[in-house]
Amino acid sequence: MDKGTIDRIRKFITDRGWSESHSPANLAKSISIEANELLECFQWSETEYDLEHVKEELADVIIYCQDMLDKLELDVDEIVNDKMTKNEEKYAVEKVKGM
């Protein structure tokens, strides 16, 4: 994510004094709630959905994830690359392709 966007998220949270109430547990709950709101966009149809609503709910998930990264002092590139390494080993192309 662009540094300007990350800074904007951080400023939004700081300006409202939300950092104190945004514990890792509360953020995990919020991510789950927003992810379910995203899922709700596809509740009745997998092909007919409101793209603007999907974008809003997906953005909410991403915003809470960035807040959790900050709260836990994690680097998104580092944790994603660590997980991708594990995924590449677990789901090696020669094991899964063509299954």
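For the numbers below, each heavy atom of this structure counts, side chains included, while hydrogens, waters and symmetry mates do not. On a predicted model such as this, the values are computed, not experimentally measured, just so you know.
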If you round to the nearest 0.5 Å, how far is [atom2] of [Y] from [atom1] of [X]?
X	Y	atom1	atom2	answer
D60	C65	CG	SG	11.0 Å
L72	M68	CG	CE	5.0 Å
D67	F12	CG	CZ	10.5 Å
I9	I62	CD1	CD1	8.5 Å
S21	R16	OG	CZ	12.5 Å
I13	E20	CD1	CD	11.0 Å

Using every non-hydrogen atom in the two residues, find where [X] and [Y] come nearest and quote the distance to one decimal.
X	Y	value
S19	K71	O-NZ, 2.7 Å
D75	E78	OD2-N, 2.8 Å
K11	D15	NZ-OD2, 2.5 Å
K95	E89	NZ-O, 4.1 Å

Taking the side chain as every heavy atom from C-beta outward, state whether [X] and [Y] have any pair of such atoms under 4.5 Å apart.
X	Y	answer
L39	Q43	no
V76	M1	no
H53	E37	no
V61	E57	no

Polar side chain donor-acceptor pair, E40 to N36, under 3.5 angstrom:
no
Taking atom OH of Y49 as the centre, report whether more than 12 heavy atoms of other residues, nucleotides or ligands fall under 6.0 Å from it.
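Incorrect, the count does not exceed 12.
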Count the heavy atoms belonging to other residues, nucleotides or ligands that lie under 6.0 Å from CD of E48, then report whether that count exceeds 12.
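Check fails, neighbour count at 12 or below.
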Is a donor on one side and an acceptor on the other found under 3.5 Å between the side chain of S30 and the backbone of N26?
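Present.
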For the pair I79 and L69, evaluate side chain to side chain contact (heavy atoms under 4.5 Å, CB included) and give the outcome as yes or no after the intermediate values.
CA-CA 10 Å; I79 67 171; L69 286 162; 3.6 Å; yes
Those residues that, when tested against R8, pass side-chain hydrogen bond (donor to acceptor under 3.5 Å, both in side chains) (two or more places apart):
none
I'd like to know whether D50 forms a side chain to side chain contact (heavy atoms under 4.5 Å, CB included) with C41, so could you lay out the CA-CA distance, the side-chain angles of the two residues, the decisive distance to 0.1 Å, and finally the verdict.
CA-CA 7 Å; D50 179 346; C41 293; over 6 Å; no
Side chain to side chain contact (heavy atoms under 4.5 Å, CB included) between M84 and V80, worked out
CA-CA 6 Å; M84 287 304 301; V80 168; 4.2 Å; yes
Once you measure the plane-to-plane angle for Y64 and H22, does it fall in the parallel (<30°), tilted (30-60°) or perpendicular (>60°) bin?
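Plane angle between 30° and 60°, so tilted.
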Between I63 and E34, is the side chain to side chain contact (heavy atoms under 4.5 Å, CB included) condition met? List the steps.
CA-CA 10 Å; I63 290 164; E34 295 299 340; over 6 Å; no
Please check if I6 and L58 belong to a single hydrophobic cluster, counting links between Ile, Leu, Val, Met, Phe, Trp and Tyr side chain heavy atoms closer than 4.5 Å.
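I6 and L58: one cluster.
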